[in-house]
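Okay, structure first, notes after.
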Amino acid sequence: MRSKIAIVLAVLGLLVLGTGIGQRTIWLPPATLTASVPAVSSPAPLTVIGPELLNTRDGKFTMTIKNDGPIQLAVAREGDITGWIGDAAYTEVGAATEDFSALSSESKTGAASVPNPSGSDMWVSEEKGSGELSYTWQAPGHGDWALLLSSDGKAPAPTDISITVENQQGTPWAVPLMVIGSALLALAALLFLVAPRKTQDAAAVAGRRSAVRPADPATGAVEVAKILAAREGSEPAPEAPAHQTIADIRRAAAAAKNNPADDGGAAAAAKAPANDATSALPLSLRGEPLKDESPLGEEAAVEPAKDDSGSKKDADKNSDKDSGSGSDSGQGGSPKAGKPTRWSAAARKKAGEAKDEKNEFRASGEQRRVKAVKATTRWGAALAAVLLAGGVSPAMAADSTTPAPSNSAEAQPSAAAETPTGFPNLLDSQVQRIADSVASVVATGDNAKNAKELESRVGGTALEVRTANYKIRSAVDTQAAVEPVNATVLLAKIVTTTQTWPRTAMFVTKGENNQLPQMLTLVQASARENYKLIKATPLLPGQTLPKVDKEGTAAVAKDDAKGLLMSPDAAVSALSDRLTKEDSSFKASFKDSIYITSVFDLQKKVAADAKDANYVFSHKANTEQMVSLRTADGGAMVVVGYTFGIDATSKENANLTVGADAAVFTGGTETTKGFTLNYAEPVVMYVPPAGGEDQITILSATRDLVGGSFK
């Protein structure tokens, strides 16, 4: 029966093991899956790959883009790409289907051509190729990101797009099946090895059992009679009657000892009834003392045994005491007290055989118990192996190619999230790239004294100042150049989180040729335009930049006074009045400033040098280019450009003279009517939060001649 079970287990084990191996070989699914964009019927100048696709498998995929012409790929926030596209036509590529066989796509109608997207400040990074481009996605920061594909803005953008990911369809049951199959084969082999031994010779077993414990009381009685005869040193007694028991023979032997002359004692003892129902059993089975059971007599029975609980020394003392007392020397047929009993060789041989038979009986029982324990152990081990193999769960044997889940919030952005808020519009890499570009363009224009070289990166007041300076320097060799713009060292950056346009950023830099750190204010007027430098002012001595959240700051509306000492508009008006009048009602609203002092010193000097004219000084703000940014303490930095005007009117047609720099704009140096001179005056001030300081601080300011005329 065991062999049949072993064969069934072996076949079953081979099937299970083969199934497990097959899952890792012939039935193993492909290592990767590829999904592609179906053919697009309406080509467009732009293709957008949204966050739904970029978030696939936590961005762990490889993208392949093919095109007949050039390929341009730009990385930016989703809102920035949407803003750049505007009303243009584009193809939107979304997430893959459930079976990962295709990528969803949708065509959006609009303008058939756009400016070349390459080089925009909003792109965090760009890659270019021709024919085919392989791209590995990695999110550059927090928020929802997208990719913008194009050729040159006029030709159709690439739409032959595919992504390849690792196949997550693993074989979780492969290892458990192989383990279970191996366990079944091992169990089958174990059953073959523990097959039962051949049956021992029945005759030998029966003989040993009859020698130890005869089934026939009469046969046992004969053997006992022979033992008793050997004990007395006489010939064996004649065979007992067929129905004589061992107890009858013992009583007869005892009677013969007490009365040797009485031949009928043995017979009388044999005929005497047994004391109880167990008298026919050996003494060892009735629980009675074993000393009469030994063929060596009473004195041999008291000899200590090796496994006795008492010590041998105590047994020897008891033996000596009993032999020397002499009180029982005449009982039991024992020899004379104090003398050792001598036995014949035949009696000792009989005793040895009886002892061997007894030990053999005990040994055979012990062997049976050991065999039973070993068999139980083997079956327990086999059962444990089966339970262990069957207890291997699929989770324990998971495919190592299966990616571990991520608890990172970055790795799993919400697909339903709207345009990102609270993130800076520019990353550090963009800030440095923009600063480098602005510095390079300004340096080119300064060297060539050509304002057209500045148009791509300079505008507003900054362009006005440099254009005027180039004009003056072309006519006046002694005219100093405007402070250069540097990209290093970049000391600080202030970036807004505003998602609409215009957007603002401020950089604080200091190059080797700057006497003081410069505050550069840049504005991006629209999504398709780059940031332009609109103001560049030196940080006044002793002033420090207020702290701004490094993760971006919010813009403050011109008329918003919430949480501020005054609104930006009110602060600009107050400073205009303060710079014009020494006794201004807003004098107490501003801290003492080196710039305010310099303005009044200049105005006094001009009035004193030309007593034949009447002078009017003004500081008019251009609020269209005003910038207000929130600081970390709840205050605001306000950047505004003033026009510092000097209007001179001659007294009684007196002759008035202007400098060589002003003559470049007026067309001469003398006039009898009067003149007007204009200076660009960009200012950066700090408006503290309400409940804090009660004075506004002038952080940065400068003044440059930009125009003039004669009346």
Side-chain angles (χ1 to χ4, degrees), residues 1-35 56-58 60-62 96-101 164-206 208-209 360-407:
M1 187 63 182
R2 290 186 182 183
S3 299
K4 293 180 180 179
I5 295 175
I7 293 174
V8 172
L9 291 178
V11 173
L12 183 60
L14 289 174
L15 292 175
V16 174
L17 180 62
T19 303
I21 296 175
Q23 287 193 358
R24 284 302 183 94
T25 53
I26 57 177
W27 299 315
L28 185 68
T32 60
L33 297 175
T34 300
T56 300
R57 303 285 177 88
D58 296 333
K60 296 178 180 179
F61 60 81
T62 300
T97 56
E98 292 184 2
D99 59 354
F100 218 85
S101 60
T164 302
V165 298
E166 292 183 357
N167 191 357
Q168 292 184 339
Q169 183 182 357
T171 54
W173 281 100
V175 174
L177 289 175
M178 288 188 284
V179 172
I180 295 173
S182 300
L184 292 175
L185 290 175
L187 183 57
L190 183 62
L191 290 177
F192 277 119
L193 293 176
V194 299
R197 296 180 180 178
K198 294 182 179 180
T199 307
Q200 296 180 1
D201 191 329
V205 174
R208 184 170 68 250
R209 289 180 178 176
E360 183 179 359
F361 175 78
R362 292 178 179 175
S364 62
E366 188 68 22
Q367 290 174 357
R368 286 194 297 272
R369 287 193 297 271
V370 171
K371 290 180 180 179
V373 171
K374 289 183 178 180
T376 303
T377 304
R378 286 194 295 268
W379 278 101
L383 180 59
V386 173
L387 292 177
L388 179 60
V392 179
S393 66
M396 295 174 60
D399 191 347
S400 60
T401 62
T402 302
S406 175
N407 295 327

Nearest-0.5 Å distance, CD1 of residue I180 to CG of residue L12: 9.5 Å

With sequence neighbours excluded, residues passing side chain to side chain contact (heavy atoms under 4.5 Å, CB included) with L14: L185

Validation row: M178, I21 side chains within 4.5 angstrom (heavy atoms): yes

Closest approach of A188 to A10 (non-hydrogen atoms, all atoms of both residues): CB-N, 3.7 Å

Contacts of S182 that satisfy side-chain hydrogen bond (donor to acceptor under 3.5 Å, both in side chains) - sequence neighbours left out: none

Partners passing side chain to side chain contact (heavy atoms under 4.5 Å, CB included) against A186 (at least two apart in sequence or in another chain): none

Partner residues of S101 under the side-chain hydrogen bond (donor to acceptor under 3.5 Å, both in side chains) criterion, sequence neighbours left out: T97, D99

L15: side chain to side chain contact (heavy atoms under 4.5 Å, CB included) partners, not counting sequence neighbours: V11

Residue pair L9, L191: steps toward the side chain to side chain contact (heavy atoms under 4.5 Å, CB included) verdict: CA-CA 10 Å; L9 291 178; L191 290 177; 3.7 Å; yes

Non-hydrogen atoms of F61 and T56 that approach each other most closely: CD2-O, 3.6 Å

CG-CZ distance between L33 and R57, expressed to the nearest 0.5 angstrom: 6.5 Å

Side-chain donor-acceptor pair present, T34, T164, cut-off under 3.5 Å: yes

